[in-house]
Amino acid sequence: MDFNALLRTCTCARALKRLHALLLVSGRSGDVFLYTKLVTIYSLLGDRRSSLLSFDQITGKNIFTWNSLISGHTRSGRHSEAVGCFHRLVTETSVRPDAFTFPAALKACEQPADARRLHAWILKLGFQWDLFVSASLVHAYSRSCLMADARKVFDDMPVRDLASWNAMISGFCQNGNAAEALSVFEEMVKRGVGVDPVTITSVLPVCPPLGNLPVGLSIHSHVVKRGLDGDVFVSNALVNMYSKSGCLGDARQIFDAMPERDLVSWNSMISTYEQGGDSNTAFEFYHRMKVSGIEPDALTLVSIASAASQIGDAQNGRSVHAFLLRRGLDSARILVGNAVVDMYAKLNDMASARRVFDGLHTRDVISWNTLITGYAQNGSAREAIDAFHALQEQEVITPSQGTLVAVLPAYAHVGSLQQGMRIHGLSIHIGLKSDVFVSTCLIDMYAKCGRLGDAVLLFREAPRRSSIPWNAIIAGHGIHGHGEQAAKLFREMEEEGVKPDKVTFISLLAACSHAGLVDQGQSFFQSMHSKYGIEPTRKHYACLVDLLSRAGDLDAAHDCIRSMPMKPDASVWGALLGACRIYGNVELGALAFERLSEIDPENVGYYVLLSNMYAKVRKWQGVDEVRSLVKNRGLKKTPGWTSMEVGTEVHVFFTGSFSHPRSEEIYKELRALLERMKALGYVPDHSFVLQDVEEDEKEHILQSHSERLAIAFGIINLPPGTPISIFKNLRVCGDCHSATKFISRLTEREIIVRDSNRFHHFKDGLCSCGDYW
DNA sequence: ATAGGGTTAG
């Protein structure tokens, strides 16, 4: 029987197994020639066990046998096994490696030490003059980031083929040394070595990170000149080069001109559109891809998941998830699981995000960062912090830049200075303190935790070439009411040649608004478009409306809303309603509320504002109506709470609660304070109580507001003269605001209250906001 | 009978 011919026809595992069984009984069991072929075919079919079994059955293994085994391991990604086999071969047998052995073993090298050890064997056995062996060595070194060694081997080669040159280029690329990669390419062209599709696909990806479009264009013309543009790999690389350089049109043109397209071509276009924020076109390409008969892979679905979350398309999102589960792609790659977690988080469905996260077989640092960011961006700072703590218990995973950027805003949000400082320490420890994003989050955290001075110090040390840290420090001055400082920083930013962006103007306008700098704010708003070419968004209009209306010019604010080129959203009407409450403008307030209840009917905050507005002008009927509206619609007032950090502990106080262990003393202190405050002229303002209760009950509610409990706790807990720093989850109550002024005078303490909007520094009976809030 | 270099990524 001609087993050799039969083996050649075996393309499926079952046929091969039958033949293998036949071999066992045919008297040719263990035949070197036939069984070596078995090793190869089993390994090609992915059957590691049978491949190893055949290998063991061979009597008199020769170098062909070993080469088959080593390359089989390598091909299947079992790199350390391949390297191990090589060592067994050279140390435990008398079989001599040949020129085929080294390329296969070198391909499996993952550690720098592996490459060096193999290099030593190559020298010992005299294979350094073999072209294939040296070229593989160049590549092994460059993959291990040992570019000096790679270069040395490369320079010593008497003859170099294209593959060696290509290996040098891709080595430099993978080590992030784009400039070197390019210079190797230029040398190739200069020396007339010639280029092939592999050269092009290796060198093109370095152009976008270098910002060097001209080189990209010249490579493109090279491609056309040499007629390489028919190669799918080359076209794909061109598409990516153009799309990453921001030339979407050119990318599209290349794609459209491609005679045939593969999975990568489609994936590239889909991810390009998705990253460019054009989710609809991404979906369109996804459908065209399926129509053209190409099956999506994990990467496709990563882009599609992200596209679905961008357009808030929960239905498509869920169907992407279902598709992934059906195809069994979720366990294949962490990448996909992370993308699905991210997708649900962006669709504001943290319960599903958590379920997918919990179900992941393995989690990497990105999985955790995605979860933490999801919680933080859905306003669940506590859960974000808990998730971060859970991550820290996983000793195998080291926090990354993304982790710090995810958790710092959560600490900033709850005003946890001590914990934030711990992260500052961690950032230094893991060498990320001069990362732009990390420093910006630290600046933001210090500012929001009341340490504007420290925020400024950090800002002065941070890299300041991009607008990002500037935006944070400007916003920081804004929430502390230092509008003039914010404007000064903006001018400094301009002088340093840093281009402001959309966020810069939001920070700046908010700062002007908090400080009552109406004229400056308006002129910044004007210059935003005329001088910087930035189109104002709804958020910018919201800031402007806030600025005008807070200053008392409610009509101008209303005109501003009417002049908006887009439909005003809740933040715009909310700003107006807030001001109507301050000035008691019932008509305009009712109008704003009407719009708000169309846009965001579930948000109780607006009902509270409306009720307070009626109370302000003593329209008790209005107050009653709002109260029953809240009741009828089944809405619950967001519970108010205030937190205070003492050392590493965080104390949380809820309005009217006795849950704190020192409640008795706290209420006693508050009663004593109230008498002394009244003697100084404090009159409780019951209009801030929304509940429908008797007058004396209203007084009791006011006196047990969470901010007061926290302040009283500070008074009895902290040594006299120490400032008291607290954080309130909602806006500070108006009556508490005036009470705090009295308390600061009576106790001769600085009291710093951060609320959901800004800072209030109380001192000697006055507040830094000048009651302008 | 056995071999080296390539494109997409949160």
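Each chain gets a letter, A, B and so on, in the order the sequences are listed, and its residues count up from 1. Bear in mind the structure is a predicted one, so any value in this text is a computation, not a measurement.
In this structure, A:Glu186 and A:Lys190 have side chains that are not in contact, with every pair of non-hydrogen atoms separated by 4.5 Å or more. For the pair A:Trp266 and A:Thr300, the minimum side-chain heavy-atom distance is 4.5 Å or more. Residues A:Ile304 and A:Ile270 meet the side-chain proximity criterion, which asks for heavy atoms closer than 4.5 Å. A:Leu217 places a side-chain heavy atom less than 4.5 Å from the side chain of A:Tyr242.
Going from atom OG of A:Ser51 over to atom CG of A:Leu44 covers 9.0 Å, rounded to the nearest 0.5 Å. Between the CG atom in A:Asp196 and the CG atom in A:Leu162 there is a gap of 4.5 Å [rounded to 0.5 Å].
Among residues two or more places apart in sequence or in another chain, the side chain to side chain donor-acceptor pair (under 3.5 Å) test is passed with A:Asp435 by A:Gln401. Listed by chain and number, the residues in a ring-ring contact (aromatic ring centres under 6.0 Å, His included) with A:Phe127 are A:Phe102 (sequence neighbours excluded). Shown here are the side chain to side chain donor-acceptor pair (under 3.5 Å) partners of A:Gln57, two or more places apart in sequence or in another chain: A:His20.
For A:Arg8, whose side chain is taken as the heavy atoms from C-beta onward, the closest listed nucleotide among B:dA1, B:dG6, B:dT2 is B:dA1. Taking every side-chain heavy atom of A:Leu335 into account, B:dG10 is the closest of B:dT2, B:dG5, B:dG10. Candidate nucleotides B:dG10, B:dA1, B:dA3 were compared by shortest atom distance to the side chain of A:Phe132, and B:dA3 ranks first. Comparing B:dG5, B:dA3, B:dA9 by their closest approach to the side chain of A:Ser271 singles out B:dA9. Closest to the side chain of A:Phe100, from the set B:dG10, B:dA3, B:dG5, is B:dA3. Nearest nucleotide to the A:Pro103 side chain, out of B:dG4, B:dA9, B:dA1: B:dG4. Taking the side chain of A:Ser68 as heavy atoms from C-beta on, and the options B:dT7, B:dT2, B:dG5, the nearest nucleotide is B:dT2. Looking at the side chain of A:Ala135, the nearest of the listed nucleotides B:dA3, B:dG5, B:dG4 is B:dG4.
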Please tabulate, for the side chains in residues 146-156 of chain A, all donor-acceptor contacts under 3.5 angstrom to protein atoms that are two or more places apart in sequence or on a different chain.
residue	atom	partner	partner atom	Å
A:Asp149	OD1	A:Arg116	NH2	3.3
A:Asp149	OD2	A:Arg116	NH2	3.4
A:Lys152	NZ	A:Asp156	OD2	3.0

Ignoring hydrogens and angles, write down the donor-acceptor pairs under 3.5 Å from the side chains of residues 2-9 of chain A, residues two or more places apart or on other chains.
residue	atom	partner	partner atom	Å
A:Asp2	OD1	A:Asn4	N	3.3
A:Asp2	OD1	A:Ala5	N	3.2
A:Thr9	OG1	A:Leu6	O	2.6

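Note: CZ (A:Phe33) to C1' (B:dA1) measures 5 Å, nearest angstrom. Atoms CG (A:Asp297) and P (B:dA9) sit 12 Å apart, rounded to a whole Å. When the P atom of B:dG4 is taken as reference, atom CZ of A:Arg160 falls 22 Å away, rounded to whole Å. Nucleotide B:dG10 holds its P atom 10 Å from the CG atom of A:Asp342, rounded to whole Å. Counting to the nearest Å, the P atom of B:dA1 and the CG atom of A:Asp2 are 11 Å from each other. Rounded to whole angstrom, the span from the CZ atom of A:Phe154 across to the C1' atom of B:dG5 amounts to 12 Å. For the pair A:Lys37 NZ and B:dA1 P, the interatomic distance rounds to 5 Å; values are reported in whole Å. Distance, A:Leu38 CG to B:dA1 P: 14 Å, rounded to whole Å.
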Margin query: A:Phe55 vs A:Trp66, test: ring-ring contact (aromatic ring centres under 6.0 Å, His included). Steps then yes/no.
Written below: CA-CA 9 Å; A:Phe55 179 82; A:Trp66 283 95; 5.1 Å; yes

Item checked: Candidate pair A:Phe255 and A:Phe285, rule ring-ring contact (aromatic ring centres under 6.0 Å, His included), full reasoning -> CA-CA 11 Å; A:Phe255 179 86; A:Phe285 271 79; 5.5 Å; yes

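For the segment residues 217-245 of chain A, residues with any heavy atom less than 4.0 angstrom from an atom of DNA chain B are, sorted by number, A:Asp231, A:Phe233, A:Asn236, A:Asn240, A:Lys244. Within residues 303-311 of chain A, no residue approaches DNA chain B, by heavy-atom distance under 4.0 Å. For the segment residues 401-409 of chain A, no residue has any heavy atom less than 4.0 angstrom from an atom of DNA chain B. The stretch residues 281-293 of chain A has no heavy atom under 4.0 angstrom from DNA chain B at all. Contact check of residues 49-66 of chain A against DNA chain B (heavy atom, cut-off under 4.0 Å) returns A:Asn62, A:Phe64.
Evaluation of the salt bridge (Lys or Arg N to Asp or Glu O under 4.0 Å) test over residues 29-43 of chain A, restricted to residues two or more places apart or in two chains, returns A:Arg28-A:Asp31. The list of salt bridge (Lys or Arg N to Asp or Glu O under 4.0 Å) pairs with a residue in residues 39-55 of chain A, not counting sequence neighbours, reads A:Lys17-A:Asp47, A:Arg48-A:Glu81.
When all heavy atoms are compared, the tightest approach of A:Ile294 to A:Arg261 is CD1-O, 3.3 Å. A:Ala251 and A:Met269 make their closest contact through O-SD, 4.4 Å (heavy atoms, listed as atom of the first residue, atom of the second, distance).
Counting any heavy atom pair closer than 4.0 Å across all strands shown, A:Thr201 reaches a base atom. If you check every strand for non-hydrogen atoms under 4.0 Å, A:Ala167 touches nothing. Nucleic acid contact for A:Asp196: base, since at least one base atom lies under 4.0 Å from a heavy atom of the residue. Counting any heavy atom pair closer than 4.0 Å across all strands shown, A:Arg75 reaches sugar-phosphate atoms only and no base atom. Counting non-hydrogen atoms under 4.0 angstrom, A:Asn369 reaches nothing in the nucleic acid. In this structure, A:Ser202 reaches the sugar-phosphate backbone alone: every heavy-atom distance under 4.0 Å involves primed, P, OP1 or OP2 atoms, never a base.
Checked for salt-bridge contact, A:Glu187 and A:Arg191 meet the test: a charged N lies under 4.0 Å from a carboxylate O.
Regarding contacts with the backbone of B:dA9, every side-chain N or O of A:Gln275 stays at 4.0 angstrom or more from both OP1 and OP2.
Looking at A:Asp364, its side chain comes within 3.5 Å of the base of B:dG10 through a donor and an acceptor atom.
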